[in-house]
Each structure stands twice: as C-alpha cells, then as structure tokens.
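All residue numbers refer to positions in the sequence shown, counting from 1. The figures that follow rest on heavy atoms only: side chains count, while hydrogens, waters and symmetry mates do not. Treat the numbers as computed from the prediction; the structure is a model and nothing was measured.
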Amino acid sequence: MECTLRGIFQQHFESYAERHRLPAYVHRAAYWIARCRTAELGGHVRRCPQGHVERAFYNSCHQRMCPQCQAIEVERWLERQKARLMACAHHHLIFTIAHELNALWCWNRAAMARLLFRTVRDTLGELLGDEKYLGATPAYLAALHTWGRSLSLHPHLHVLIADGGLDAQGAWVKPRRSHFLPARVLMLLFRGKFLAALREGVERRALRLPPEPIEQRAEALGRKKWNVHIRARYAHGEGVAAYLARYLRGGPLKNTQLLDSGTGRVCFRYRPHRDEDDAGGEPITMNLSPEAFLARYLAHIPIPRLQAVRGYGLYGQRQGERLDQARAALGQPAVEEPETLRVEDFLARFRQPPEPARCSRCGSVLVFVSALAHGTGPPASLH
C-alpha cells in the first residue's frame, strides 16, 4: 500500500465508517481524498507524436483537506491576501480555548467555531477602539485551526493584525503602547467574553451538552489562565500570512510526514510546538492504529459553509474604500486584484522552467489525445 493519506483512506476508511457514526460531510471528504488522481475521477490521455508512449493523467479531487492537490490553491489565496496587506508592521496573536472545553467543542463544532470568532472580534474591537490603546479601526485576518501537530484536538484562532489603524478623520494612527496590547488584559477580556457567551448559549439551549456536566468546569475555567499569545512584532505581514496559508488547505498532515502505513500501524513525524515541554529537540515519531489515526484526522474535517478565514476591520470584505484610504495614508496604491495564478507559473516556482510530460524514448512532448470519463479507467493500451 502506498504510504500516503490517500492510501490510508483507501484501505481503512470503509471499515472505520462501519463501526462509527459519521456526518455526511465526513463521508464526502473521505470519498474524494481516497480517489484523488485515480481513474475513478477521470482524466485525459497524452501520447508521443511518434507513437512510442501513451500515458493517462487523472484528475485531482479538489477536496480542501487533501494534501495532494491543494498547493496551488494555497498560493492563489496567499497572492490575494498579499495584494491587500498594508505596508506596515503586523502582529501575530493566538487565542486558544481551554482544553477542558474540547468535549463541548466536539458536540457543537460549528456553533463553538462561530462563538470563538465572535469573541475574538469583540475582544479586539473593544480594546483597540479604546483611545488608551489605539482609538481607531484596526485591520486583521483571523484563521481557525482545530489541531495540534500530533493531530490532537486543539481549537485556536490565529490573528494577523496591522500595527495601527484608521481613525475617524481618515488618518493612520499607531498604537499608544510599545507592546501593542497588554497580554494579561487581552487574556482576561477574551476569557470573560468567551465564558459569558458560553453560558448564554447553554441557557438558550443553542449548544448541545455532552454527557459530563460542564457547569462546575466552566466556573473553574474563570479562574484559570488561558493561552493567549502575542508574538513579536513583524516588519510586515507576509510571513504570518504565509504561515496561515499553509494550514488553509491540504489538512493538518502532509504526505511527506508519513513514514509507514503498511504494517497495521500508521507512523508519522511532527515537530512539537515551541511552548511544549519537548520542543526544540528532534522531530517526534508517533505510531497509531489506523482506527486511532482516522479518529484524529477526521475530527478536523471542515464543516461545510463554515468560513475558516475571516477579515475584520479594514481587512473586511466590504471595507475596500476604507482600506484604500488607509493604504494611501501609508503611501501605497489602491488594492489591485492579482491575476489568477496559472498552473505553469506555479510549477515554475519549483522547477525552471516547468517541464511538460515527455516521451521516455525520444523526448517529444506528449500531446493530448482524448478525455477519460469518471470511472472509465485508462484505455486498453495502457492496461
């Protein structure tokens, strides 16, 4: 069996799904991942002009969590964001909910994700709207991640935020403090708003409660320090945007991290986070049964129609005029949408120039011959 995520899904997902109740969207995601670039999705045939070689090329699945075919979509998203970023310093903030709420998250994935986005938006809006800290409209992107590097459940929000904002008079203003926002104040406000929204959701019965009681646990969480990090200031936002892009599509695990999947175990490697006890050493190798691996991986399949990256303030989708005003204040031209990145240009970034498929005998470029319908497989001459 090939040591890829596709191979693991092909061999183990069906039996796993028979033993576990899974939402329809998880079945759909697994279906596409297991068939990415296979004959079942169709494709096309190319042939050497001299008749030496004939090859079938199969279609990609375009599933958001597939690590095989999302690289170009990640680059396209990144180019669109870079075109909108302002030429100023940016900060990287990370808001993590307490792990004691993981069970509640599992029972209410969409509702909890919306609650997390709303709480972060309200927290930053309240603090940055205060003259003591900024007193202007900020600009930030928020991206939802639900996994740790070991594929454990770890819901948190990454925020890329500009070091400044646009005031009511249309002038660009910088934060009043050298450290942007006080970390403790940020944590306390975020924690308080999140727990208050949580209690409201429970009272309105907008949240499904897990079997174990959470009332006492939520009470204790109001006294616990939550993980809210403010990273060092960056001279520009492109580095953090590139970090966010890596996790936007393609899922939490790349095929290059898989070491073995043919011995009844799934073995993969990962590097721990910097704030973990074993950080800074060699990559860690994890061995899981196929069932345990799929349980971890499937917990992060994105919910349909849940937007995982959202822009707020000047980076909001309907703030084009205000964003151009802020860019002008920083000496930048108005935003221009970049052209859609072509496959040839994308490949050229890794190989100079991008090599077309060629005949192994004479070196001629293979030319298109015919399309392959879904599920038809390659023509008889290729079997």
Side-chain angles (χ1 to χ4, degrees), residues 4-6 32-33 35-39 41-49 53-88 90 139 141 143 145 158 160 234-257 302 307-311 315 317 320 323-324 327 330 332-360 362-372 374:
T4 63
L5 189 69
R6 178 181 66 185
W32 292 114
I33 292 173
R35 290 160 177 79
C36 184
R37 295 177 183 169
T38 66
L41 297 190
H44 66 278
V45 175
R46 289 181 178 271
R47 181 183 300 157
C48 168
V53 173
E54 193 174 67
R55 286 181 59 191
F57 296 82
Y58 299 118
N59 294 331
S60 298
C61 69
H62 302 294
Q63 214 291 323
R64 189 165 139 190
M65 290 284 280
C66 178
Q68 289 193 147
C69 63
Q70 291 299 297
I72 189 170
E73 293 301 328
V74 169
E75 287 297 310
R76 285 169 176 166
W77 180 87
L78 184 56
E79 288 200 348
R80 290 195 298 271
Q81 300 311 314
K82 285 181 176 180
R84 303 181 76 242
L85 289 178
M86 290 181 288
C88 65
H90 281 70
L141 295 172
H145 294 174
H158 289 269
L160 170 63
Y234 297 86
H236 52 77
E238 293 187 4
V240 181
Y243 174 83
L244 298 182
R246 288 201 301 270
Y247 297 96
L248 178 65
R249 289 177 175 269
L253 192 72
K254 309 306 178 190
N255 282 331
T256 53
Q257 294 176 253
Q307 192 175 353
V309 181
R310 306 182 185 189
Y315 286 155
Q317 292 300 315
L323 177 58
D324 287 342
R327 288 169 64 93
L330 291 168
Q332 282 183 276
V335 175
E336 290 186 11
E337 286 294 321
E339 293 184 7
T340 301
L341 179 64
R342 299 185 307 158
V343 174
E344 296 81 2
D345 296 332
F346 171 71
L347 293 176
R349 297 179 180 180
F350 303 95
R351 304 185 297 210
Q352 296 289 342
E355 277 294 317
R358 292 182 178 274
C359 174
S360 57
C362 67
S364 299
V365 175
L366 303 185
V367 296
F368 177 87
V369 176
S370 62
L372 295 172
H374 282 219

- Query: Side chain of Q81, backbone of A241: donor and acceptor closer than 3.5 Å?
  - Reply: no
- Answer yes or no: is there a side-chain heavy-atom contact under 4.5 Å between P302 and M65? yes
- With a 4.5 Å heavy-atom cut-off, do L248 and Q70 have their side chains touching? no
- For H236, the ring-ring contact (aromatic ring centres under 6.0 Å, His included) test, sequence neighbours excluded, returns none
- Item | Under the side-chain contact (heavy atoms from CB on, under 4.5 Å) test, residues paired with N255 that sit two or more places apart | T4, L5, P67, Q68, L258
- Query: Can you name the side-chain contact (heavy atoms from CB on, under 4.5 Å) partners of V367, sequence neighbours left out?
  - Reply: P49
- Does the pair E73/R76 count as a salt bridge with the N-to-O cut at 4.0 Å? yes
- Task: Can you sort out the partners of R37 under salt bridge (Lys or Arg N to Asp or Glu O under 4.0 Å), two or more places apart, ordered by chain and number?
- Result: none
- Message: Using a 3.5 Å distance criterion without hydrogens, assess whether the side chain of R327 forms a donor-acceptor pair with backbone atoms of P333.
- Response: yes
- Message: Tell me every residue that passes salt bridge (Lys or Arg N to Asp or Glu O under 4.0 Å) with R64, counting only those two or more places apart in sequence or in another chain.
- Response: none
- Item | Closest approach of L244 to A143 (non-hydrogen atoms, all atoms of both residues) | CD2-CB, 4.0 Å
- Sub-3.5 Å donor-acceptor pair from the side chain of R46 to the main-chain atoms of F57, do we have one? no
- Taking all non-hydrogen atoms of both residues, which atom of A56 and which atom of Y58 are closest, and how far apart? CB-OH, 3.6 Å
- So salt bridge (Lys or Arg N to Asp or Glu O under 4.0 Å) across residues 238-255, not counting sequence neighbours, yields none
- If only atom types and distance count, is the side chain of D324 paired as donor or acceptor with the main-chain N or O of A334 below 3.5 Å? no
- Message: Ring-plane angle category for H90 and Y315, please: parallel below 30°, perpendicular beyond 60°, tilted otherwise.
- Response: parallel
